[in-house]
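Written out below as structure tokens is the structure these notes cover.
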Amino acid sequence: MPQNNFYDDVYQVVRLIPSGRVTSYGAIAAYLGSKQSSRVVGYAMMACGTAQPPVPAHRVVNRQGLLTGKFHFGGDTMEQLLAHEGIKVIDNQVQNFKEIFWDPATELNL
DNA sequence: ACGATGACAAACA
DNA sequence: TTGTTTGCCATCG
């Protein structure tokens with residue numbers, strides 16, 4: 001099932017996210033060339049459970065730095081993972097989000 | 001095989 | 001200014 005185009009692209013970008021950094025769905029979508037597909041990026045994260053190797057979806061948050069999909073991880077797993085990366089998460093929101101924000105279009109310097 | 005849905009974000013009124 | 005509507009692609013029923 002890999003090679004599903006958009007999904008596979010999203011998975012690769014997400015796997016490139018360095019530890020201690022986070023990115024947003026819109027940033028990935030924009031990097032792929034269409035910010036309109038931000039929704040598909042988010043959904044790709046949901047299907048990431050079937051992707052091989054698994055993607056660090058816990059490093060992907062929405063534009064507000066809010067852990068929208070933490071519920072899909074199974075409780076507070078997402079917060080624990082982010083905390084383990086050194087990212088402080090309070091009230092399902094990433095602190096210093098702007099500082100640890102990892103934009104592929106910028107960091108990868110395409 | 002078809003219809004509805006789903007981890008978002010930006011544009012329009 | 002806030003609230004609502006549209007765009008996107010794959011998976012589930």
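Letters A, B, ... mirror the listed sequences (proteins, then strands); counts begin at 1.
- If you take OH of A:Tyr43 and P of B:dA4, they are 15 Å apart, rounded to a whole angstrom.
- Clustering ILVMFWY residues whenever any of their side-chain heavy atoms sit less than 4.5 angstrom apart, transitively, puts A:Ile17 in the very cluster that holds A:Met46.
- Side-chain atoms of A:Tyr11 come within 3.5 Å of backbone N or O of A:Ala44 as a donor-acceptor pair.
- Side-chain proximity of A:Tyr7 to the nucleotides C:dA10, B:dA7, B:dA10 is greatest for C:dA10.
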Which atom pairs link the protein and nucleotides 3-7 of chain C when you take only N or O atoms and keep those under 3.5 Å?
| unit_1 | atom_1 | unit_2 | atom_2 | d |
| --- | --- | --- | --- | --- |
| C:dG7 | O4' | A:Gln36 | NE2 | 3.4 |
| C:dG7 | O3' | A:Gln36 | NE2 | 3.3 |
| C:dG7 | N2 | A:Gln36 | O | 3.1 |
| C:dG7 | N3 | A:Gln36 | O | 3.3 |

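- Atoms CE (A:Met46) and P (B:dG6) sit 9 Å apart, rounded to a whole Å.
- As rounded to whole Å, 21 Å separates atom P of C:dC8 from atom OH of A:Tyr31.
- Between A:Arg63 atom CZ and B:dA11 atom P there is a gap of 12 Å when expressed in whole angstrom units.
- Of the residues in residues 64-78 of chain A, those lying under 4.0 Å from DNA chain B by heavy-atom distance are A:Thr68, A:Gly69, A:His72, A:Phe73.
- A:Met78 shares a hydrophobic cluster with A:Val22, A:Val61, A:Leu67, A:Phe73, A:Leu81, A:Leu82, A:Ile87, A:Val89, A:Val94, A:Phe97, A:Ile100, A:Phe101; the chain of contacts runs through ILVMFWY side chains whose heavy atoms sit under 4.5 Å apart.
- When base pairs are accepted only as Watson-Crick or G-U wobble with both N-N or N-O distances under 3.5 Å, DNA chain C takes part in stems of 3 or more pairs at B:2-6 with C:9-13, B:8-13 with C:2-7.
- Listed by residue number, the members of residues 14-27 of chain A with any heavy atom below 4.0 angstrom from DNA chain C form an empty set.
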message: Is there a side-chain contact (heavy atoms from CB on, under 4.5 Å) between A:Lys70 and A:Thr77? Walk through the geometry before answering.
response: CA-CA 7 Å; A:Lys70 83 124 183 185; A:Thr77 305; over 6 Å; no
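- Among pairs with a residue in residues 83-104 of chain A, those fulfilling salt bridge (Lys or Arg N to Asp or Glu O under 4.0 Å) read A:Arg59-A:Glu85, at least two apart in sequence or across chains.
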